[in-house]
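Step one of this worksheet: look at the structure below.
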2 protein chains.
Amino acid sequence: MSKPTISDLARLAGVSKTTVSHAFSGRRHVDPETCRKIKELAREVGYRPNRSAQSLRTGRTGMIALASSMPFSIAAGPSRLGFFMEIAATAAVASLTRNQALCLIPPMEADGALDAIAMDGAILVEPYANDPMVDRFFNSGIPVVSIGRVPGRDDIPFVDLHSYATALMVLNHLRDAGASKVGLMTGTQRRNSYLETEAAYSASCENLGIPQILVRVDEAGGEDEAEQCCTALLRDHPDLDALYVPVDAFASGATKAAKSLHRNVPETLRLATRYDGSRAKLADPPLTAVDLHLDALAKLAVDLLIQTIDGQKGESPNSPMPRLVPRQSSGTS
Amino acid sequence: MSKPTISDLARLAGVSKTTVSHAFSGRRHVDPETCRKIKELAREVGYRPNRSAQSLRTGRTGMIALASSMPFSIAAGPSRLGFFMEIAATAAVASLTRNQALCLIPPMEADGALDAIAMDGAILVEPYANDPMVDRFFNSGIPVVSIGRVPGRDDIPFVDLHSYATALMVLNHLRDAGASKVGLMTGTQRRNSYLETEAAYSASCENLGIPQILVRVDEAGGEDEAEQCCTALLRDHPDLDALYVPVDAFASGATKAAKSLHRNVPETLRLATRYDGSRAKLADPPLTAVDLHLDALAKLAVDLLIQTIDGQKGESPNSPMPRLVPRQSSGTS
DNA sequence: AGATTTGTGCAAACCGATTTGCATGGTCGG
DNA sequence: CCGACCATGCAAATCGGTTTGCACAAATCT
């Protein structure tokens, strides 16, 4: 008997399958003595309930997915999925302690494989407006929560990234550091973090009565595209003395552009990015960035998703506010 | 009808469940016309076979696990699971393209959650001798392959890390850089990489007719423990002029120890580590390390595991040789 | 023509759990 | 003493697929 089943165990214990099931689930009272005997026997013969059978009956698989909608060109490269994987690490632990397994859906080409996975729900990392991933899950009736709000979808619970506040914080920091003309470089996709960042930038400039210099880079182009855009930007606006580039891959490109134009960072150009991954830390000079508390966000997202799965129409929780990590690139460390 | 089942589809198509099943699996020939009709109808009503039901019948879940047996104290910290997560990122993609999902079992306390997961097999990252994880899977009859051989277990297929060759390469590099008395710091667990490294070190010293200076640090103590051990080591052997510290967390500790003893790296003490993660890159000075080609290893491991699951008693494949990444800490960059 | 093979499809058993409805015996209050 | 109630446990239905054995017709072989 390689894998004892519930029937085997029931026979051995001299009770019915029902009783064994209840002994484990506790959904109905069973005599303590009987219960003890069953559990002991179970340990003895190494009985483990078959998850597939449980799933089939209950409709719960005990599996949640973590998915990224970032294109591969951004996710790849030196920091190799840094943002995504940093979240994954914490989310995996958080899931397991809640008796769920976490499976990974990294950015990739062949997405047909996706519906091969049976999952109870999914966490989406920074989806954008009309993100096909969102529809995909939604249409399959799979509960979704996101890290970073989904633009235009108020029905999807999310863990807030506080991108508006982050942008203000960084912009103020750059100005405090002496910058007077700050530009902004975001991406062409309609991610909520871009929208909020642009809104904050706009409000901030308006407030100070200064012109806005904004450029949007195509995510698919990755670091190289950003470098080109940045080179053009710096040519067109030689008086720019600071740049906020939230996407770390773009910030790498911006750093290169600055270097090739002989604009010293931070002396003649101050730089700041958002995600404080190895790209920011290893840049030359190291980039001022923002600690988003990704581990805390990941835990919140897992809890939120589980609530949503349980039908408690999860209320988007309060997430921790980001914290500035000043480094040489803004000239203040 | 929220989720159409195979019965629904069969009724709609005017055929039996059997025919529908065969139309999709192709395990038996069905009339091309019938087949087309079924598939079209399936797309129309959004039919997806229920994975739990399939799993229950076939015994295959389409899920593989990636597990680490590193204690949390090592895995945590600045590089937050770097080694493990770097493998995870590639393995996830490799799995998905082979129609398997990858779920994560990071190092954690409560390991009871582990048997909550239904999986076809597991990849173990650098297990050690008598690793409880190995037995765990093995006893459950779950196929296992490892990245880095399992000491004392020739029955478990593995992807080789070439630790012997790596050690020779690093030791030679340190000596080429001018070091004459090179020490080695490994860990107390019996990981295969330690065993091979120590063997290479031993052979190398013997070859040159010089004494061996080896210290093993308790993994559970993490970076701090390594710092203390290293401090003691440098006191006892003031003539040491180089140190190979394969575990990156320990290398961080060694760097700190050197600093507090005012031993300049690399001038009076050359350092090298193995895993080229952010710990090595961000150290001051940056540490000479080794590119293990983790992405290639991860792919190989996934393939090997799938072969093993399919009962082809996977032959441990040839894995790429590691490559040295010289940095300031060895005084050669 | 009769026997054999091939193509096509169906009914029913099966995978291993959960859950519902019912049966039994014993205790208790009135 | 009887009905109500509780504690305990069982048989059977169910979840949604896959697989086996068989049936029937048409084609091919002897």
Side-chain angles (χ1 to χ4, degrees), chain A residues 1-39 41-42 45-63 99 115-120 140-142, chain B residues 1-39 41-42 45-63 99 115-120 140-142:
Chain A
M1 205 182 328
S2 56
K3 287 271 178 204
T5 73
I6 197 173
S7 303
D8 299 327
L9 191 58
R11 196 174 331 108
L12 281 162
V15 298
S16 75
K17 296 194 300 176
T18 313
T19 306
V20 175
S21 178
H22 288 328
F24 281 107
S25 67
R27 297 183 61 84
R28 209 121 134 180
H29 186 82
V30 309
D31 187 90
E33 177 58 20
T34 316
C35 193
R36 197 194 52 71
K37 198 170 60 182
I38 291 175
K39 284 186 173 157
L41 217 48
V45 301
Y47 166 74
R48 304 236 170 284
N50 178 317
R51 283 297 277 210
S52 303
Q54 287 182 315
S55 302
L56 175 57
R57 184 63 233 247
T58 62
R60 289 280 297 257
T61 63
M63 179 74 48
N99 224 36
D115 35 47
I117 308 173
M119 50 193 153
D120 294 335
S140 304
I142 296 174
Chain B
M1 205 181 329
S2 56
K3 288 271 178 203
T5 72
I6 198 174
S7 303
D8 298 328
L9 191 57
R11 195 174 330 107
L12 281 164
V15 298
S16 75
K17 296 195 301 176
T18 313
T19 307
V20 175
S21 177
H22 287 146
F24 282 108
S25 67
R27 297 184 61 84
R28 211 122 135 179
H29 187 83
V30 307
D31 187 90
E33 177 58 20
T34 317
C35 194
R36 198 196 50 72
K37 198 170 62 181
I38 290 174
K39 284 185 173 159
L41 217 48
V45 300
Y47 167 74
R48 304 234 170 287
N50 178 317
R51 284 297 279 209
S52 304
Q54 287 182 315
S55 303
L56 176 58
R57 184 65 231 245
T58 63
R60 289 280 295 258
T61 63
M63 177 75 45
N99 223 35
D115 35 47
I117 307 174
M119 50 194 153
D120 294 336
S140 305
I142 297 174

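For the numbers below, each heavy atom of this structure counts, side chains included, while hydrogens, waters and symmetry mates do not. Chain letters run A, B, ... following the sequence lines, proteins first, then strands; residues in each count from 1.
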> Listed by chain and number, what are the side chain to side chain donor-acceptor pair (under 3.5 Å) partners of B:Ser16, not counting sequence neighbours?
Replying inline: B:Thr19
> Does a nitrogen or oxygen in the side chain of B:Ser16 sit under 4.0 Å from OP1 or OP2 of C:dC10?
Replying inline: yes
> How does each nucleotide of nucleotides 18-24 of chain C score, in 5' to 3' order, for protein heavy atoms under 4.0 Å: base (B), sugar-phosphate only (S), or none (-)?
Replying inline: BBBBB--
> Pick the nucleotide of DNA chain C nearest each of B:Val30 and B:Leu56; which residue has the one closer to the 5' end?
Replying inline: B:Val30
> Under the salt bridge (charged side-chain N to carboxylate O under 4.0 Å, His left out) test, which residues partner B:Arg60, sequence neighbours left out?
Replying inline: B:Asp120, B:Asp310
> Quick one: how far along DNA chain D does chain B reach, first to last nucleotide 5' to 3', anything under 4.0 Å to a heavy atom?
Replying inline: D:dG16 to D:dC22
> Do you know which two heavy atoms are closest between A:Ser52 and B:Thr61, and how far apart they sit?
Replying inline: OG-CG2, 4.0 Å
> Looking at B:Thr19, does any N or O in its side chain come under 4.0 Å of the phosphate oxygens OP1/OP2 on C:dT8?
Replying inline: no
> Base, sugar-phosphate, or nothing for A:Ser55, non-hydrogen atoms under 4.0 angstrom?
Replying inline: nothing
>> For a 4.5 angstrom cut-off between non-hydrogen side-chain atoms, does B:Lys17 reach B:Ser21?
In response: no
> What nucleic acid atoms does B:Arg48 come within less than 4.0 Å of, heavy atoms only: base, sugar-phosphate, or nothing?
Replying inline: sugar-phosphate
> Is any side-chain heavy atom of A:Ile6 less than 4.5 Å from a side-chain heavy atom of A:Tyr47?
Replying inline: yes
>> Rounding to 10°, can you tell me the angle the first-five-pair axis of the helix from C:dA1-D:dT30 to C:dG30-D:dC1 makes with its last-five-pair axis?
In response: 40°
>> Using the side-chain contact (heavy atoms from CB on, under 4.5 Å) criterion, which residues pair with A:Ile142? Sequence neighbours excluded.
In response: A:Met119, A:Phe137, A:Ser140
>> Could you walk me through whether A:Leu9 and A:Leu41 satisfy the side-chain contact (heavy atoms from CB on, under 4.5 Å) test, starting with their C-alpha distance in whole Å, then the side-chain angles of each, then the deciding distance to 0.1 Å, before giving a yes or no?
In response: CA-CA 7 Å; A:Leu9 191 58; A:Leu41 217 48; 4.1 Å; yes
> Rounded to whole angstrom units, what separation is found between the CZ atom of A:Phe24 and the P atom of C:dG16?
Replying inline: 16 Å
> Less than 4.5 Å apart, any side-chain heavy atom of B:Leu12 and any of B:Val45?
Replying inline: yes
>> So does A:Val30 get a backbone contact from the side chain of A:Thr34, meaning a donor-acceptor N/O pair under 3.5 Å?
In response: no
> Run the side-chain contact (heavy atoms from CB on, under 4.5 Å) check on A:Lys3 and A:Arg48 step by step: do they pass?
Replying inline: CA-CA 8 Å; A:Lys3 287 271 178 204; A:Arg48 304 236 170 284; over 6 Å; no
> Does a side-chain N or O from A:Ser52 land closer than 4.0 Å to OP1 or OP2 of C:dG16, or not?
Replying inline: no
> Does the side chain of B:His22 come within less than 4.5 Å of B:His29's, by heavy atoms?
Replying inline: no
>> Does C:dG7 have its OP1 or OP2 closer than 4.0 Å to a side-chain nitrogen or oxygen of B:His29?
In response: no
> In whole angstrom, what separates A:Asp8's CG from C:dC15's P?
Replying inline: 11 Å
